[in-house]
Every structure is written in structure tokens, then in C-alpha cells.
Amino acid sequence: MRLSQLLESDRLRAPAREIPVMLRTQVLVCGGGPAGTAAAIAAARLGVSVTLIERYNHLGGLATGGLVIILPPLTDEGRPIVGGIGLHMRDTLMQDGKAAPRGHEDACWFDPEALKALSVRMCVEAGVDLLHHAWLSDTIVQDGSVRGVVFESKAGTQAALADVVVDTTGDGDVLAWAGCDFEKTDQAIGLDFRLGGVDVELWHTARQTNPDVCTAVLAEVRKTCDWGGPFQISALPSSPGLAWGNNGLRVGDALDPRELSTIDVQARLKIPQALEILRQKMPGFADAWLIDTASQTGVRRSRRLRGVDRLTDEQVAQYDFRHPQAVGRGNDYRRQGIAYDIPYGTLVPESIDGLVTAGRCISCDDGALEPIREIQVCWVTGEAAGTAAALAARGNLRPRDLPITDLQATLREASVAFAD
Ligand SMILES: Cc1cc2nc3c(=O)[nH]c(=O)nc-3n(C[C@H](O)[C@H](O)[C@H](O)COP(=O)(O)OP(=O)(O)OC[C@H]3O[C@@H](n4cnc5c(N)ncnc54)[C@H](O)[C@@H]3O)c2cc1C
């Protein structure tokens with residue numbers, strides 16, 4: 001590119017160029033978090049060709065790279081909520097000793113490395129083509145339908161074409177570039193971390209006998225380090241001496257790289273500072289050391305699709321919200337006694353074709369996002385979106401025209417939980 005000819009004030013005029021098509025597939029899954037992993041496995045198991053594009057070198061998204069390591073319950077007072085791929089993943093982690101029960105019901109802690117390995121193994125066994133180290137940068141739309149994506153990598157700019165594309169980027173990148181309407185909200189962004197060398201027994205005893213001291217130390221960390229959002233430390237029963245720091249530094253725009261960089265820099269400066277206070281003042285932390293900080297910055301929310309349907313806060317707060325077009329069920333990590341159907345229309349854009357979404361960018365209001373963005377619900381919407389994409393690709397149908405009874409029957413066969 002000869003910049004002297006292309007520079008116009010503060011904007012570059014990009015010359016027209018040909019972008020090589022690297023691959024063609026029936027279903028293209030964009031983003032390998034919990035939703036994308038489930039989508040890719042579900043689609044590939046139905047016999048269509050599937051490629052999953054991911055910018056980092058692992059699967060699991062925030063659940064693994066973000067060190068978000070609590071899995072909420074998959075049942076509600078005995079009612080099955082999450083079945084299918086999500087239930088299989090949780091049960092496998094438990095059987096392998098890579099997850100440990102947490103509190104009541106069937107919530108658990110899990111080992112993020114074990115979930116990375118399990119996610120890859122299940123993708124490989126299902127026949128998913130994994131393309132890592134590729135950053136999606138644009139969506140190809142023709143005649144109102146998504147035809148593929150453009151991505152950047154060390155190999156330059158390339159394109160991938162598909163019959164159906166699944167947006168599981170979490171931030172709704174693909175749907176936004178396709179021209180779909182979306183909503184967006186910001187929430188505290190943080191950088192989770194793990195500590196080793198914690199005398200958990202001493203710490204737990206101190207919390208029982210002298211809770212005010214422990215609370216005061218955490219308050220001092222927040223104040224001294226100017227921590228704008230939550231700052232919690234929990235022991236990890238999956239490994240002795242391990243503790244987890246879940247936090248939010250401040251509310252920020254997850255789509256602004258400057259903002260994300262500032263949060264990263266601040267977090268990496270503040271976490272050692274926080275550790276020093278813990279070492280000096282928190283019982284059981286005298287020998288604590290920083291094992292790692294998350295490789296993926298902790299973005300809780302950003303864009304959400306405006307879909308054919310939209311789940312609301314009121315609907316997801318019900319004991320048993322039912323919808324005739326359900327493609328799975330969700331619950332709420334904050335309270336038992338909640339189970340709601342997730343309508344297919346929350347995964348399908350209002351106008352654009354060739355695209356479905358899953359995970360934390362599905363169509364819902366701000367309040368409904370809080371339970372929907374949890375890992376177990378992202379597995380549910382991912383499995384539904386991948387199944388829908390495969391059936392649409394196989395039948396040469398637009399996702400919006402898929403007979404809902406076919407989709408529901410296929411999901412039931414895959415042991416996805418539906419209301420009785
Ligand atoms: C600090 C924090 C604490 C949390 N605590 C919990 C908890 O305790 N329990 C719980 O269940 N949930 C928790 N969550 C929420 C949960 O982890 C996420 O909402 C969930 O992982 C979302 O899954 P997803 O698949 O929709 O998106 P993500 O996990 O965000 O995955 C999206 C994937 O797409 C990839 N991607 C994105 N954009 C591009 C692009 N342009 N090109 C290529 N690849 C791209 C990303 O690298 C990533 O792998 C927490 C979240 C945060 C931030």
C-alpha cells in the first residue's frame with residue numbers, strides 16, 4: 001500500500017483488493033467460547049462440515065481463558081434444566097476429578113485447563129475443523145443473507161464462506177458487521193486471577209472466628225487499589241492451597257481496545273498490590289503467590305442481537321416460563337426455583353438471513369442477560385444454534401424457515417432438557 005497516495009486527512013482510503021477464500025464449509029462457527037464449542041459439536045454430530053474460527057489458541061472463551069471457574073447448577077430443585085452437551089461436559093469433568101461440588105444443588109468449581117482439553121477432544125471427535133489464531137474482522141453479506149466472514153491472521157486477510165454462520169463471539173461482532181440491529185450495555189470489566197500457597201484451613205477458621213478482620217482486609221484492598229467493581233477471593237476446593245480472585249475493575253466499553261488495554265494495564269499493576277496486602281494482613285495468605293492472571297479480559301456484557309423474539313427479565317424470573325418454540329431451558333445462578341424456556345426466535349435475527357447466534361449475544365433485555373450469560377445457559381443456546389444451523393444447511397433452508405418441531409425433535413434426541 002503506498003500511503004502517500006491514500007492518506008486523506010485522518011482517514012486511509014483502502015485500495016480495492018482481492019481477498020483469498022481460505023475455506024468453504026456448511027456451518028461456520030465464529031468464536032470458541034462455551035456457546036461456540038457446543039454449537040460446533042452439535043452441528044458436526046449431524047454430519048455437516050463445520051469450521052470453528054477462534055482468535056486465541058484454546059476453546060472455552062471466558063470460562064477457561066477468562067478464569068471464570070464456577071459452573072452454576074444444571075438442575076433446579078431436582079428439575080433437569082441443562083442436558084445435552086453441557087451436562088455431558090460437566091459430568092465428564094466431575095468423573096475425571098477435574099470439578100468439585102460447590103455449595104448446595106449441583107454447582108461446581110472446575111479446572112479451566114481440563115475444560116480446554118475436553119472442549120478440544122469433543123470437537124475433534126465430532127469432526128470439527130478448528131482454525132485458531134484467526135481474528136474475524138468483517139461479515140460477507142449478499143442479498144440480505146450472510147455468506148461468510150473475513151478474518152485476519154499471520155497469513156494475511158482471508159475469507160471463509162458458509163451456508164450458515166453462527167455468531168458466538170460473545171460480543172456479537174459478526175451480527176453487527178452483517179447489519180443486524182442490536183442493543184448494547186456495559187458492565188464492570190475485570191481480570192480474574194489465581195493464587196497458590198494459601199493456607200485455606202487457617203483462612204476459613206479466621207473467617208468463622210473473626211469475620212470482621214477478613215472483611216476489613218478485603219475493604220482495604222478495594223480502597224488502597226482503587227478497585228471500582230467487585231473484588232472477591234474464594235478457595236478452590238479442586239486443588240489444595242488454591243484461591244481465586246474474581247473481580248471487576250470498572251465499567252467500560254468492551255468494544256474499545258484502548259479501554260480494554262487500560263483495564264488490563266491497571267489490573268496487572270493492582271493485582272500484585274492487592275496480593276501484598278493479602279499476604280500481610282489476611283490470615284492464611286502469608287505465603288500466597290500469583291499463579292496466573294486470565295489470558296482473556298473479563299467482559300461481562302456488550303452487544304445483544306435484536307432477534308425475532310426477545311427474552312425479558314420478567315420471563316426469566318418465573319418458576320416455569322413456557323414457550324411453544326423452546327429450544328432448551330435456562331435457570332438463574334442467583335436463585336433456585338427458576339426455569340424458563342429459551343425461544344428459537346432469540347437466536348434468529350429480525351431481518352438478516354444465513355445467521356444464528358448463541359451465548360451472551362442472543363436477543364434478550366438487559367435484565368434477562370444476567371442469567372442467560374452464565375456458562376451452562378450458553379451451552380444450551382450454543383447446542384440449539386449449532387443444531388439449527390446444521391439442519392438449515394442440510395435442508396437448504398433459511399434458519400428462520402426451519403420447522404420448529406424438527407429442531408425440537410433433534411434436540412430432544414440429543415438429550416437437551418425440555419419442560420415435561
Ligand atoms: C469476570 C467474570 C466472571 C464471571 N463469572 C461467572 C461464573 O462464575 N459462572 C458462570 O457461569 N459465568 C460467569 N461469567 C460469565 C461467562 O463466563 C460468560 O458469559 C460466558 O463464557 C459467555 O460465553 P460465550 O460463549 O457467549 O462467550 P465467550 O466466553 O466470551 O466466548 C467468545 C469466544 O469468541 C472469541 N471471539 C470473540 N471475538 C472474536 C473475533 N472477532 N474473532 C475471533 N474470535 C473471537 C473469543 O476469543 C472467545 O473464545 C463471568 C464472566 C466474567 C467476565
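Remember, predicted model here, so these are calculated numbers, not experimental data. Start at 1 and go down the list; that is how both ligands and their atoms are numbered.
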Rounding to 0.5 Å, atoms CG (Leu136) and CD (Glu54) come to a distance of 8.5 Å

Closest protein heavy atom to atom 5 (N) of ligand 1, given as residue, atom name and distance to 0.1 Å = Val68 CG1, 3.3 Å

Basic-acidic side-chain contact under 4.0 Å: Asp76, Arg329 = no

Please work out which of the three classes, parallel, tilted or perpendicular, describes the rings of Trp135 and Tyr56, given edges at 30° and 60°.
-> perpendicular

Can Val299 be said to touch ligand 1, with heavy atoms closer than 4.0 Å?
-> yes

If you compare Ile362, Ile70, Thr381 by their heavy atoms, the one closest to atom 8 (O) of ligand 1 turns out to be Ile70

For ligand 1, is any non-hydrogen atom under 4.0 Å from Ala134's backbone (N, CA, C, O), its side chain (CB onward), both, or neither?
-> backbone

Test log, rule salt bridge (Lys or Arg N to Asp or Glu O under 4.0 Å), inputs Arg194 and Asp192 = CA-CA 7 Å; Arg194 290 187 294 184; Asp192 284 4; over 6 Å; no

Relative to the heavy atoms of Gly32, which atoms of ligand 1 are at a distance of less than 4.0 Å?
-> 33 (C), 34 (O), 49 (O)

Would you mind running through ligand 1 and noting each atom that sits below 4.0 Å from a heavy atom of Tyr56?
-> 47 (O)

Return each pair, listed once, that meets ring-ring contact (aromatic ring centres under 6.0 Å, His included) where at least one residue sits in residues 324-374; pairs must be two or more places apart or across chains.
-> none

With no hydrogens and no angle check, is any side-chain donor or acceptor of Glu383 less than 3.5 Å from a backbone partner on Ile85?
-> yes

Ligand 1 atoms nearer than 4.0 angstrom to some heavy atom of Gly298 are 53 (C)

Contact (N/O only, under 3.5 Å) between Gly36 and ligand 1 = no

Can Asp256 and Arg258 be counted as an ion pair, charged N to O under 4.0 angstrom?
-> no

Among all protein heavy atoms, pick out the one at the shortest distance from atom 25 (O) of ligand 1; state its residue, atom name and that distance to 0.1 Å.
-> Ala35 N, 3.1 Å

Short N-O contact, Lys116 and Glu113, less than 4.0 angstrom | yes

In terms of residue, atom name and distance, what is the protein heavy atom nearest to atom 16 (C) of ligand 1?
-> Arg373 O, 3.4 Å

Could you tell me the separation between the OG1 atom of Thr64 and the CD atom of Gln296, rounded to the nearest 0.5 Å?
-> 7.0 Å

Atoms of ligand 1 less than 4.0 Å from Thr168 heavy atoms?
-> 32 (C), 33 (C), 34 (O)

Of all the non-hydrogen atoms in the protein, which one sits nearest to atom 22 (C) of ligand 1, and at what distance?
-> Cys378 SG, 3.6 Å

Could you check Thr51 against Asp129 for side-chain hydrogen bond (donor to acceptor under 3.5 Å, both in side chains), going step by step and ending with a plain yes or no?
-> CA-CA 5 Å; Thr51 295; Asp129 167 40; 2.8 Å; yes

State which residue, out of Val164, Leu402, Leu391, fulfils the side-chain contact (heavy atoms from CB on, under 4.5 Å) condition with Leu397.
-> Leu402

Listed pairs under 3.5 Å, donor-acceptor, residues 20-48 side chains, sequence neighbours left out:
| from | atom 1 | to | atom 2 | distance (Å) |
| --- | --- | --- | --- | --- |
| Thr25 | OG1 | Val27 | O | 3.4 |
| Thr25 | OG1 | Ser49 | O | 2.9 |
| Thr25 | OG1 | Ser49 | OG | 3.4 |
| Gln26 | OE1 | Ser49 | N | 3.0 |
| Thr37 | OG1 | Gly32 | O | 3.2 |
| Thr37 | OG1 | Gly33 | O | 2.7 |

Quick one: does Arg360 get an N or O within less than 3.5 Å of an N or O on ligand 1?
-> yes

Test of proximity, Trp177 against ligand 1: N or O pairs below 3.5 Å = no

Does Leu255 offer a backbone N or O that forms a donor-acceptor pair with the side chain of Asp253 under 3.5 Å?
-> yes

For ligand 1, which atoms, with element, lie under 4.0 Å from some heavy atom of Gly61?
-> 29 (O), 31 (O), 48 (C), 49 (O)

Please identify which atoms of ligand 1 are closer than 4.0 Å to at least one heavy atom of Gly359.
-> 26 (O)

Going by heavy-atom distance to atom 29 (O) of ligand 1, choose the closest among Leu369, Asn246, Leu62.
-> Leu62

Under 3.5 Å between some N or O of ligand 1 and some N or O of Ala358?
-> no

Close N or O approach (Trp244, ligand 1; < 3.5 Å) = no

Please confirm whether the backbone N or O of Leu74 pairs with a side-chain atom of Gln376, one donor and one acceptor, at under 3.5 Å?
-> no

Is Asp192 touching ligand 1 with its side chain, its backbone, both, or neither, if touching means heavy atoms under 4.0 Å apart?
-> side chain

Going by the 4.0 angstrom heavy-atom rule, the piece of Asp173 near ligand 1 is side chain

What protein heavy atom sits nearest atom 33 (C) of ligand 1, and how far off is it?
-> Gly33 N, 3.5 Å

Contact check, Gly190 vs ligand 1, heavy-atom distance below 4.0 Å = no

Can Gln296 be said to touch ligand 1, with heavy atoms closer than 4.0 Å?
-> yes

Tell me: protein heavy atom nearest atom 24 (P) of ligand 1, and distance?
-> Pro34 CD, 4.0 Å

For atom 11 (O) of ligand 1, the closest protein heavy atom turns out to be Ile375 N, 2.9 Å

Under a 4.0 Å N-O cut-off, is there an ion pair linking Arg304 with Asp366?
-> yes

Side chains of Arg360 and Val299: closer than 4.5 Å at any heavy-atom pair?
-> yes

Just need the protein heavy atom nearest to atom 49 (O) of ligand 1, so name the residue and atom and give the distance.
-> Glu54 OE1, 2.6 Å

